[in-house]
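First the structure, in the form of structure tokens, and then the observations on it.
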Amino acid sequence: MGVDLGDLIEKQEIELEDLRGKKIAIDALNAIYQFLSIIRQPDGTPLIDSNKNITSHLSGLFYRTTRLMEIGIIPCYVFDGEPPKLKSATVEERKEIRREAEKKWKAALEAGELAEARKYAQAASRVTESMLEESKKLLNALGIPVVQAPSEGEAQAAYICQQGDVYSVGSQDYDALLFGAPRLLRNITITGKRKVPRKNIYVEVKPEMIELDSAIKEIEVTREQLIEMGILIGTDFNEGVKGIGPKKSLAHIKEKSLKEWIKEGKFEFEVDVEVLKKIFLKPEITKNYSLNWQPYDQEKLIEILHEKHDFSKERIENALEKLEKSRGAKDQKSLQEWFR
DNA sequence: CTCTTCTA
DNA sequence: TAGAAGAGG
């Protein structure tokens, strides 16, 4: 979920093609969760192989990643490690929401309410340990680097971006900005047309880019103030103040610091605010990672997707063929360079 | 989500 | 041939 900075932050609509030749560190859990929740049948059933294993995430990861590569984008994926202890409340809360959604899904199915069923099925999506393991194997076979974060993936991705090893972080959540990512790309794993809930209309979802420096300059705050705003609104690590959203948080933080507000007794937090701020300012990351792009291993891909999970061999080969074709194109030197 | 097939 | 609809696993 992450912090809701939505309307405050200045963003720039872009085309995927604008990112040709750019390296991007994608928040793996974020992407996998999106695939798992979106790739479903009308009644909410995910894709499954003959052994009843869910495969929606693999389908999304494979086709989306090869499409990005086809355009000439150079992705790597960052996986989460142990969540900070302060996240446990959020984790529990999400579990409960999923349990409720699961019940409602089944009820809606029995009542024959397809759209309702799908909605609750999506909310019930749960990324399991084995899904993550398989996703890593798939990315390995694709020759895409996988970085294992010690703690929060967004924090690690932000660090990799700060080091200049990638152009941008890719995630739906704004948290990466609080972690100090110089650039954030949203909507790069979900694009195209999306149905507006409860309405029969579709909106075009386009990739958007946020540059941390210009975004905070625009609203005239520092990164530290942005973090304080996040804490007021609520993050994965603390409950926000009731009734305070992006707009009010900005006004409050501009008036005086969080520390002063607390001292005056205006706001109260269960956790020491300095501890919260430290999660974002000095996150647990590793400097020990390597981004090493390799050619894909067709045999391994066939083994994982076709032999193990019943994907059509023809479709896999088609996807790889398209990749080859785009790689042969003249104007994509940057893509070729990455294999040398 | 992306891909293939159907339809005007 | 382009856009909608359905399938994929």
Side-chain angles (χ1 to χ4, degrees), chain A residues 15-17 19 24 26-73 75 77 105 109 114-115 117-128 130-139 141-142 144 170-173 185-197 199-208 296 298 300-326:
Chain A
E15 304 291 332
L16 280 180
E17 285 71 18
L19 299 169
I24 296 172
I26 298 174
D27 179 0
L29 181 63
N30 194 272
I32 290 166
Y33 179 81
Q34 308 265 19
F35 297 139
L36 186 61
S37 94
I38 287 167
I39 304 176
R40 282 168 190 265
Q41 291 172 351
D43 70 349
T45 314
L47 298 184
I48 43 174
D49 64 21
S50 54
N51 292 318
K52 305 268 171 78
N53 293 309
I54 294 177
T55 53
S56 296
H57 58 299
L58 296 176
S59 179
L61 204 53
F62 177 68
Y63 290 116
R64 188 59 179 175
T65 305
T66 49
R67 234 204 102 196
L68 292 176
M69 291 161 78
E70 205 184 301
I71 293 168
I73 296 167
Y77 284 83
W105 177 19
L109 269 184
L114 274 196
R118 193 172 200 280
K119 184 176 90 182
Y120 289 120
Q122 286 186 291
S125 305
R126 196 174 80 87
V127 177
T128 65
S130 70
M131 287 177 190
L132 294 171
E133 284 312 311
E134 279 187 309
S135 298
K136 286 178 194 171
K137 281 184 194 156
L138 177 63
L139 290 167
L142 272 169
I144 298 294
S171 175
Q172 286 310 98
D173 292 348
L185 286 161
R186 302 184 70 238
N187 302 340
I188 63 157
T189 47
I190 50 161
T191 44
K193 288 197 163 126
R194 286 202 115 192
K195 200 171 171 295
V196 177
K199 286 179 193 160
N200 210 8
I201 51 172
Y202 288 80
V203 286
E204 179 94 12
V205 179
K206 285 203 150 194
E208 54 191 39
Y296 61 79
Q298 179 149 356
K300 231 181 228 165
L301 287 168
I302 298 281
E303 186 190 310
I304 297 170
L305 294 173
H306 175 62
E307 287 164 27
K308 215 165 165 205
H309 294 295
D310 307 322
F311 280 59
S312 143
K313 202 172 172 181
E314 205 185 7
R315 274 193 173 199
I316 301 166
E317 285 164 351
N318 278 349
L320 297 178
E321 210 168 292
K322 273 171 80 183
L323 201 54
E324 285 311 320
K325 255 187 205 159
S326 78

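Just so we're on the same page: letters track the sequence lines, and every chain starts at 1. Values reported hereafter were calculated over all heavy atoms of this structure, with side chains retained and with hydrogens, waters and symmetry mates removed. This one's a predicted model, so the numbers in the text were calculated from it and none came from an experiment.
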In whole Å, I'd like the distance from the [atom1] atom of [X] to the [atom2] atom of [N].
{"X": "Leu305(A)", "N": "dG8(C)", "atom1": "CG", "atom2": "P", "result": "16 Å"}
{"X": "Lys313(A)", "N": "dG8(C)", "atom1": "NZ", "atom2": "P", "result": "19 Å"}
{"X": "Arg40(A)", "N": "dG8(C)", "atom1": "CZ", "atom2": "P", "result": "18 Å"}
{"X": "His306(A)", "N": "dC3(B)", "atom1": "NE2", "atom2": "P", "result": "19 Å"}
{"X": "Leu114(A)", "N": "dG6(C)", "atom1": "CG", "atom2": "P", "result": "12 Å"}
{"X": "Asp310(A)", "N": "dA7(C)", "atom1": "CG", "atom2": "P", "result": "18 Å"}
{"X": "Ile316(A)", "N": "dG9(C)", "atom1": "CD1", "atom2": "P", "result": "8 Å"}
{"X": "Phe311(A)", "N": "dT4(B)", "atom1": "CZ", "atom2": "C1'", "result": "16 Å"}

**Request:** Give, ordered by number, those residues of residues 54-68 of chain A having at least one heavy-atom distance below 4.0 Å to an atom of DNA chain B; if nothing qualifies, reply none.
**Result:**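 DNA chain B contact set from residues 54-68 of chain A: Tyr63(A), Arg64(A), Arg67(A).
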**Request:** Taking only heavy atoms on the protein side, list every residue of residues 41-49 of chain A lying under 4.0 Å from any atom of DNA chain B, sorted numerically.
**Result:**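 When residues 41-49 of chain A is checked for heavy atoms under 4.0 Å from DNA chain B, there are no hits whatsoever.
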When the side chains of residues 38-45 of chain A are checked against the rest of the protein, which donor-acceptor pairs come out under 3.5 Å, sequence neighbours left out?
from: Arg40(A); atom 1: NE; to: Leu36(A); atom 2: O; distance (Å): 2.9
from: Arg40(A); atom 1: NH1; to: Gly44(A); atom 2: O; distance (Å): 2.7
from: Arg40(A); atom 1: NH2; to: Leu36(A); atom 2: O; distance (Å): 3.3
from: Arg40(A); atom 1: NH2; to: Ser125(A); atom 2: OG; distance (Å): 3.1
from: Asp43(A); atom 1: OD1; to: Thr45(A); atom 2: N; distance (Å): 3.0
from: Asp43(A); atom 1: OD1; to: Thr45(A); atom 2: OG1; distance (Å): 2.7
from: Asp43(A); atom 1: OD2; to: Thr45(A); atom 2: OG1; distance (Å): 3.1

List for me each residue that meets side-chain hydrogen bond (donor to acceptor under 3.5 Å, both in side chains) alongside [X], sequence neighbours excluded, and say none if there are none.
{"X": "Thr189(A)", "answer": "none"}
{"X": "Lys136(A)", "answer": "Gln148(A)"}
{"X": "Glu317(A)", "answer": "none"}

**Asked** Are OP1 or OP2 of dG9(C) and a side-chain N or O of Lys52(A) less than 4.0 angstrom apart?
**Response**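 So the side chain of Lys52(A) is outside the cut-off, no N or O lying under 4.0 Å from OP1 or OP2 of dG9(C).
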**Asked** Asn318(A) side chain N/O closer than 4.0 Å to the phosphate oxygens (OP1, OP2) of dT2(B)?
**Response**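 No.
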**Asked** Taking atom types as modelled and ignoring hydrogens, do the side chains of Tyr77(A) and Ser135(A) form a donor-acceptor contact shorter than 3.5 angstrom?
**Response**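 No, because no side-chain N or O of Tyr77(A) sits under 3.5 Å from a partner of the opposite role on Ser135(A).
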**Asp310(A)-Ser50(A) side chain donor-acceptor pair, cut-off 3.5 Å** =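 Distance-only check passes for Asp310(A) and Ser50(A).
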**Counterpart residues, side chain to side chain contact (heavy atoms under 4.5 Å, CB included), relative to Asn187(A) (two or more places apart)** =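 Scan of Asn187(A) (side chain to side chain contact (heavy atoms under 4.5 Å, CB included), adjacent residues dropped) gives Gln172(A), Ile190(A), Val205(A), Glu208(A).
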**For Ala319(A), side chain to side chain contact (heavy atoms under 4.5 Å, CB included) partners two or more places apart** =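 Listed in chain order: Phe62(A), Tyr63(A), Thr66(A).
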**Asked** Who passes salt bridge (Lys or Arg N to Asp or Glu O under 4.0 Å) against Lys313(A), sequence neighbours left out?
**Response**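 With sequence neighbours excluded, Lys313(A) shows a salt bridge (Lys or Arg N to Asp or Glu O under 4.0 Å) to no residue whatsoever.
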**Prompt:** Hey, does Lys322(A) reach any base, or is it just sugar-phosphate, or nothing, if we go heavy atoms under 4.0 Å?
**Reply:**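 The answer is sugar-phosphate, as Lys322(A) gets under 4.0 Å only of primed atoms, P, OP1 or OP2.
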